[in-house]
Amino acid sequence: MAILLFAEHDNATLSDQTAKALTAASQIGGDVDILIAGKDASAAADAAAKLAGVRKVILAESDALTERLAEASAALIVSLAGDYDTILAPATTTGKNVLPRVAALLDVMQVSEVIEVVSADTFKRPIYAGNAIEVVQATDATKVLTVRTAGFAAAGEGGSATVSSVDAPSEGSDLSSFVQNILSESERPELTSAKIIVSGGRALGSNEKFNEVITPLADKLGAAVGASRAAVDAGYAANDLQVGQTGKVVAPDLYIACGISGAIQHLAGMKDSKIIVAINTDGDAPIFQVADYGIVGDLFEIVPELERQL
Amino acid sequence: MKVLVPVKRVVDYNVKIRVKADNSGVELANVKMSMNPFDEIAVEEAVRLKEAGKADEVIAVSVGPAQAQDVLRTALAMGADRAILITVDGTTEPLTVAKLLKGVATEEEAGLVILGKQAIDDDANQTGQMLSALLGWSQGTFASEVELGDGSAKVTREVDGGLQAIEIKLPAVVTADLRLNEPRYASLPNIMKAKKKPLDQKTPADYGVTVENRLNVLRVEEPAQREAGIKVASPAELIEKLKNEAGVI
């Protein structure tokens with residue numbers, strides 16, 4: 001059994017989503033190799049080599065792989081696939097873009113968003129926005145999986161795997177090209193890896209109020225900022241802050257939901273948080289059914305008060 | 001240029017689904033079914049391309065049971081020109097659907113395929129990427145903006161850190177994310193007109209595809225339920241609980 005893990009990174013640094021997916025790979029069992037596809041990505045490769053439980057790190061570099069666009073990345077993974085029984089990636093927007101392409105080229109069915117490894121070929125995954133959990137057995141010779149990392153702890157360091165370079169095939173690299181990233185500049189922790197998240201909903205009422213009320217509390221706690229789909233659709237928060245089935249799936253130690261009613265699709269994105277706090281004027285809001293601690297009241301009074309007393 | 005829009009018939013997004021008592025699946029009897037919401041966005045985008053003179057014909061296609069005609073009629077009422085139903089009973093996995101769609105895209109010589117990024121029933125998020133791979137085309141997934149150029153398209157994608165703009169060669173597969181557009185409601189006259197638009201019925205055999213499932217669904221379970229906790233009276237009490245009881249701050 002050998003497993004290939006397609007790493008999430010930005011060339012300079014390795015994302016902790018890779019370390020979390022590594023834990024899922026270790027649970028499947030077998031030798032795990034990490035593939036770093038990128039450009040000038042030796043720093044990310046060195047970081048991957050230090051993770052515990054890695055056999056080797058494969059570094060593939062080319063211009064077309066700089067941003068790991070789907071066509072070139074899939075061609076690379078397919079060129080390596082013969083040596084592996086399982087190919088997996090964290091279910092990031094990159095993993096979700098690339099791996100189904102790999103699966104189709106290998107004529108296998110992918111198992112998407114694995115939340116639990118039952119055995120080497122059997123996995124649990126959410127369907128219907130997390131309202132049901134499907135237990136599926138993959139029958140193809142090669143298993144292709146994306147892993148929802150919120151359910152897995154990050155693998156630790158302590159490894160000393162070797163890094164070996166391979167040539168990236170040129171196939172696919174003429175199909176698409178990178179133009180630009182318009183990334184949110186922020187000093188805050190990433191939503192998907194934050195220990196604390198302060199999230200705002202439609203009750204905030206405007207973009208100004210969202211920033212005025214949510215930001216100070218997040219700053220005080222060193223927390224990431226999240227938002228419900230309703231708040232994003234209303235233009236109160238940027239789309240990359242959206243937590244939910246159609247946004248990001250998070251599992252911080254502490255999730256503070258301010259003015260969020262708790263629609264099914266939002267709950268699907270945060271119900272694995274360790275501790276959930278809900279602040280809402282409506283005491284019957286569904287968010288209180290999943291909250292460990294709730295305060296019924298006006299968030300415009302409670303949230304600033306909370307910030308002052310911390 | 002012909003634009004192909006695959007649409008899926010799924011449980012309506014407002015329905016609270018129930019897991020069957022024998023854990024064999026989700027209760028689908030007597031449940032309201034609708035077009036997958038992401039596919040509605042895809043139909044809207046295709047129709048707008050036609051209205052802007054950038055597409056000659058919009059063809060909606062669905063793989064599913066005979067009742068999937070309903071979602072195709074919806075697509076026709078929104079502005080698609082004609083429809084194709086490939087009749088399959090039971091579950092079809094994304095890989096099979098992608099193979100069937102490849103057959104349609106090739107036969108119709110489509111220049112662009114636009115479909116939803118995922119279906120809200122199986123949440124697989126695979127079909128578009130798989131179709132693109134099988135056709136050997138480029139892909140622009142999770143699109144929030146599509147600008148068609150000459151022989152290429154600029155696609156703005158919703159990615160984890162924000163947005164990413166890429167240039168893709170045509171022909172291409174584009175998958176629609178939530179913020180690509182707001183789909184229109186079909187007007188009554190258009191719903192009436194849609195009944196007269198052509199809808200071809202096909203079978204997987206017409207495209208030389210065998211329907212087979214590669215994943216065995218062993219069982220379907222209820223998700224773990226969280227217990228509701230307690231209500232606290234003040235921010236001070238909350239801070240005390242978070243510090244001393246939960247130990248998270």
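Basis for what follows: all heavy atoms, side chains included, without hydrogens, waters or symmetry-related copies. Just so we're on the same page: letters track the sequence lines, and every chain starts at 1.
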Quiz item: Between B/L95, B/N23, B/V155, which shows the greatest number of heavy-atom pairs under 4.5 Å with chain A?
Solution: B/L95
Quiz item: Counting a contact as any heavy-atom pair under 4.5 Å apart, which residues of residues 10-19 of chain B contact chain A?
Solution: B/V11, B/K16, B/I17, B/V19
Practice problem: Side chain from CB out, backbone as N, CA, C, O: work out which of these in B/Q225 comes under 4.5 Å of a heavy atom of chain A, or both, or neither. | Solution: neither
Quiz item: Are side-chain heavy atoms of A/I182 and B/Q164 found at a separation under 4.5 Å?
Solution: no
Quiz item: Which bit of B/S234 comes within less than 4.5 Å of chain A, counting heavy atoms only: side chain, backbone, both or neither?
Solution: backbone
Quiz item: Relative to chain B, which segment of A/T122 carries a heavy atom at a distance below 4.5 Å: side chain, backbone, both, or neither?
Solution: side chain
Quiz prompt | Verdict with reasoning, B/T141 to A/N97, per side chain to side chain donor-acceptor pair (under 3.5 Å) | solution = CA-CA 7 Å; B/T141 54; A/N97 190 31; 2.7 Å; yes
Quiz item: Would you find a donor on one side and an acceptor on the other, under 3.5 Å apart, between the side chain of B/D123 and the backbone of A/A129?
Solution: yes
Self-check item: A/Y293 six-ring face occupied by B/K231 cation (under 6.0 Å, within 45°)
Solution: no
Self-check item: chain B interface, residue from A/E171, A/K248, A/K195 that has the most non-hydrogen pairs under 4.5 Å
Solution: A/K248
Practice problem: Can you tell which part of A/E71 gets under 4.5 Å to a heavy atom of chain B, answering side chain, backbone, both or neither? | Solution: side chain
Self-check item: Top contributor to chain B interface from A/V98, A/T92, A/I302 [non-hydrogen pairs under 4.5 Å]
Solution: A/T92
Practice problem: Kindly compute the distance separating CG (A/L310) from CD1 (B/I239), expressed to the nearest 0.5 Å. | Solution: 4.0 Å
Quiz item: Is it the side chain or the backbone of A/D10 that comes within 4.5 Å of chain B heavy atoms, both, or neither?
Solution: neither
Quiz item: What part of A/R229 lies closer than 4.5 angstrom to a heavy atom of chain B: side chain, backbone, both or neither?
Solution: side chain
Self-check item: Straight-line distance of B/L215 CG to A/E134 CD, nearest 0.5 Å
Solution: 7.5 Å
Self-check item: Which atom of A/P100 lies closest to which atom of B/M130, heavy atoms considered
Solution: O-CG, 3.3 Å
Quiz item: After noting the C-alpha distance and the side-chain angles of B/V26 and A/N131, does the key distance pass the side-chain contact (heavy atoms from CB on, under 4.5 Å) rule?
Solution: CA-CA 10 Å; B/V26 165; A/N131 288 299; over 6 Å; no
Quiz item: Step by step, would you call B/V220 with A/V135 a side-chain contact (heavy atoms from CB on, under 4.5 Å)?
Solution: CA-CA 6 Å; B/V220 174; A/V135 186; over 6 Å; no
Exercise. Among the options B/D177, B/V217, B/I168, B/L134, pick out the one with the most heavy-atom pairs lying under 4.5 Å from chain A.
Key: B/V217
Practice problem: Start with the C-alpha distance between A/I275 and B/L242, add both sets of side-chain angles, then the distance that settles side-chain contact (heavy atoms from CB on, under 4.5 Å), and finish with yes or no. | Solution: CA-CA 9 Å; A/I275 296 289; B/L242 290 177; 4.0 Å; yes
Self-check item: Region of B/A246 in contact with chain A, defined by heavy-atom distances below 4.5 Å
Solution: both
Practice problem: Report the distance from atom NZ of A/K96 to atom CZ of B/F142, rounding to the nearest 0.5 Å. | Solution: 6.0 Å
Quiz item: So which pairs with a foot in residues 214-223 of chain B pass side chain to side chain donor-acceptor pair (under 3.5 Å), sequence neighbours left out?
Solution: A/D107-B/R214, A/K124-B/E221, A/Q137-B/N216, A/D140-B/R214, B/E212-B/R214, B/R219-B/E221
Quiz prompt | Any side-chain heavy-atom pair of B/L178 and A/V232 under 4.5 Å | solution = no
Practice problem: Against chain B, label A/V303 side chain, backbone, both or neither, depending on which of its atoms sit under 4.5 Å from a heavy atom there. | Solution: neither
Quiz prompt | Sub-4.5 Å side-chain heavy-atom contact between B/V248 and A/I196 | solution = no
Exercise. Look only at the side chain of A/S176 and the backbone of B/E167, and say whether a donor-acceptor pair between them is shorter than 3.5 Å.
Key: no
Quiz item: Highest number of heavy-atom pairs under 4.5 Å with chain B: which of A/L105, A/N239, A/N181?
Solution: A/N239
Practice problem: Determine the option with the most heavy-atom pairs under 4.5 angstrom with chain A, choosing from B/A98, B/G128, B/A224, B/A124. | Solution: B/A124
Quiz item: To the nearest 0.5 Å, how far apart are CZ in B/R179 and CD in A/Q242?
Solution: 4.5 Å
Quiz item: When only pairs under 4.5 Å are counted, which of B/G140, B/A165, B/A233, B/S144 shares the most heavy-atom pairs with chain A?
Solution: B/A165
Quiz item: If you count heavy-atom pairs under 4.5 Å with chain B, which of A/A104, A/S177, A/S112 comes out on top?
Solution: A/S177
Practice problem: Pick whichever of B/E227, B/Q139, B/K241, B/E158 has the most heavy-atom pairs under 4.5 Å with chain A. | Solution: B/Q139
Exercise. Can you see which heavy atom on A/D240 is nearest to which on B/V159, and at what distance?
Key: CB-O, 4.5 Å
Practice problem: Answer with side chain, backbone, both or neither: which region of B/L238 has an atom nearer than 4.5 Å to a non-hydrogen atom of chain A? | Solution: side chain
Quiz item: Hey, mind stepping through A/D292 and B/R226 against side-chain contact (heavy atoms from CB on, under 4.5 Å) and telling me if it holds?
Solution: CA-CA 9 Å; A/D292 299 278; B/R226 268 188 98 98; 2.7 Å; yes
Self-check item: Closest approach of A/Q309 to B/P235 (non-hydrogen atoms, all atoms of both residues)
Solution: OE1-C, 4.1 Å
Quiz item: Taking every heavy-atom pair that is under 4.5 Å apart, which of A/V111, A/I264, A/V108 has the most such pairs with chain B?
Solution: A/V108
Exercise. Could you check which of B/R157, B/Q118, B/E237, B/K243 has the highest count of heavy-atom pairs closer than 4.5 Å to chain A?
Key: B/R157
Quiz item: What part of B/K117 gets closer than 4.5 Å to chain A, counting heavy atoms only: side chain, backbone, both or neither?
Solution: side chain
Exercise. First locate atom OG of B/S138, then atom CG of A/L69, and finally report the distance between them rounded to the nearest 0.5 Å.
Key: 10.5 Å
Practice problem: Tell me, for A/A238 versus chain B, whether the close heavy atoms (under 4.5 Å) come from the side chain, the backbone, both or neither. | Solution: neither
Quiz item: How far apart are the closest heavy atoms of A/I133 and B/P223, and which atoms are they?
Solution: CG1-CA, 3.8 Å
Quiz prompt | Contact summary for A/I127 and B/D121, nearest pair of heavy atoms | solution = CB-O, 3.4 Å
Practice problem: Please state whether the side chain, the backbone, both or neither of A/A132 comes within less than 4.5 Å of a heavy atom of chain B. | Solution: both
Quiz prompt | Atom group of A/L221 that falls short of 4.5 Å from chain B, counting heavy atoms | solution = side chain
Quiz item: Just how far is it from atom CD of A/Q110 to atom CD of B/E93, taken to the nearest 0.5 Å?
Solution: 11.5 Å
Practice problem: Among the options A/E190, A/Q265, A/K271, pick out the one with the most heavy-atom pairs lying under 4.5 Å from chain B. | Solution: A/K271
